Enquirer: 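I'd like to ask you about the structure that follows.
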Amino acid sequence: MTRLVQDVPPYMIVEGNPAKVRGINSIGLGRHGFDDQTIGRLKEAYKKIFRNSTQDQAVGKAHDGLAQLEKDYGDDPTISNLVAAVRNSTTGVHGRYRESLRRDDRRNPLK
């Protein structure tokens, strides 16, 4: 019964009201054949992007974390997918990037 107002980043679990990213979905990842190294990288990515001490530092820390992840793991498609999703969430309406791609979106008459 959590209300979601933004896209949920891939590989992550959200909970609470308001919903917040709480960790990676390690059980689901394991069931879908992700290896331990990839799951470890995703855990590190979670810590760099989503863990923060105060809400005011969250945006700056997330941006720094994304840049560091691209530098460290730019060749890993799983990490690249996560980074792209987090970046795209800021370009969408209320954090919903995929809604901006809809053909019936009245805010974008060119589609």
Side-chain angles (χ1 to χ4, degrees):
M1 299 304 288
T2 297
R3 185 181 112 191
L4 298 172
V5 295
Q6 290 188 316
D7 292 335
V8 175
Y11 321 114
M12 300 293 149
I13 293 175
V14 297
E15 70 175 357
N17 190 11
K20 291 185 180 184
V21 177
R22 300 294 185 192
I24 70 163
N25 186 0
S26 55
I27 293 172
L29 291 168
R31 287 180 181 164
H32 284 89
F34 286 80
D35 60 23
D36 291 338
Q37 181 181 10
T38 302
I39 293 173
R41 285 181 177 180
L42 286 168
K43 285 180 183 178
E44 184 179 335
Y46 163 74
K47 290 175 187 176
K48 287 185 178 183
I49 299 171
F50 299 107
R51 271 197 187 169
N52 54 52
S53 56
T54 66
Q55 191 65 22
D56 295 335
Q57 296 172 347
V59 175
K61 185 171 182 178
H63 180 71
D64 294 343
L66 293 174
Q68 186 65 38
L69 287 170
E70 284 183 320
K71 181 180 170 187
D72 293 344
Y73 305 119
D75 59 336
D76 187 330
T78 306
I79 299 298
S80 296
N81 185 31
L82 175 62
V83 169
V86 172
R87 284 218 166 104
N88 285 339
S89 72
T90 62
T91 63
V93 177
H94 304 292
R96 292 183 174 174
Y97 170 70
R98 292 182 54 90
E99 282 189 6
S100 69
L101 303 176
R102 290 175 46 171
R103 290 190 181 273
D104 64 342
D105 186 2
R106 294 185 183 131
R107 294 172 302 243
N108 191 352
L110 299 176
K111 291 184 180 182

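Here the structure is a predicted model, which means the values were calculated and not measured. Excluded from the calculations below are hydrogen atoms, water molecules and symmetry mates; all remaining heavy atoms, backbone and side chain alike, are included.
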Enquirer: Take Leu82 and Ile49 through the side chain to side chain contact (heavy atoms under 4.5 Å, CB included) test and state the conclusion after the steps.
Expert: CA-CA 10 Å; Leu82 175 62; Ile49 299 171; 4.3 Å; yes
Enquirer: In this structure, is the centre-to-centre distance between the rings of Tyr11 and Tyr46 below 6.0 Å?
Expert: no
Enquirer: If you measure from NZ on Lys47 to CD on Glu44, what distance do you get to the nearest 0.5 Å?
Expert: 8.0 Å
Enquirer: Quick one: do Arg87 and Leu66 satisfy side chain to side chain contact (heavy atoms under 4.5 Å, CB included)? Show the steps, please.
Expert: CA-CA 8 Å; Arg87 284 218 166 104; Leu66 293 174; 3.7 Å; yes
Enquirer: Quick check: do Phe50 and Met12 have side-chain heavy atoms less than 4.5 Å from each other?
Expert: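 Yes, side chains in contact.
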Enquirer: Would you confirm whether Ser80, through its side chain, and Asp76, through its main-chain N or O, come within 3.5 Å as a donor-acceptor pair?
Expert: yes
Enquirer: Start with the C-alpha gap between Asp35 and Ile39, add the side-chain angles, then the distance that decides, and say whether side chain to side chain contact (heavy atoms under 4.5 Å, CB included) holds.
Expert: CA-CA 6 Å; Asp35 60 23; Ile39 293 173; over 6 Å; no
Enquirer: Can you confirm whether Leu29 sits close enough to Thr38 that some side-chain heavy atom of one is under 4.5 Å from a side-chain heavy atom of the other?
Expert: no
Enquirer: For the residue pair Ala45 and Leu69, what are the closest heavy atoms and their distance?
Expert: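 Minimum heavy-atom contact is CB-CD1, 3.6 Å.
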Enquirer: Side chains of Thr78 and Asn81: donor-acceptor distance under 3.5 Å anywhere?
Expert: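 No, no side-chain donor-acceptor contact under 3.5 Å.
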Enquirer: Could you work out, with ring pair (Phe, Tyr, Trp, His ring centres under 6.0 Å) as the rule, every residue matching Tyr73, not counting sequence neighbours?
Expert: none
Enquirer: Run Ile13 and Ile24 through side chain to side chain contact (heavy atoms under 4.5 Å, CB included) and show every step you take.
Expert: CA-CA 6 Å; Ile13 293 175; Ile24 70 163; over 6 Å; no
Enquirer: I'd like to know if Asp72 pairs up with Lys48 as an ion pair, taking the criterion as any Lys NZ or Arg NE/NH1/NH2 lying under 4.0 Å from an Asp or Glu carboxylate oxygen.
Expert: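 A salt bridge links Asp72 with Lys48.
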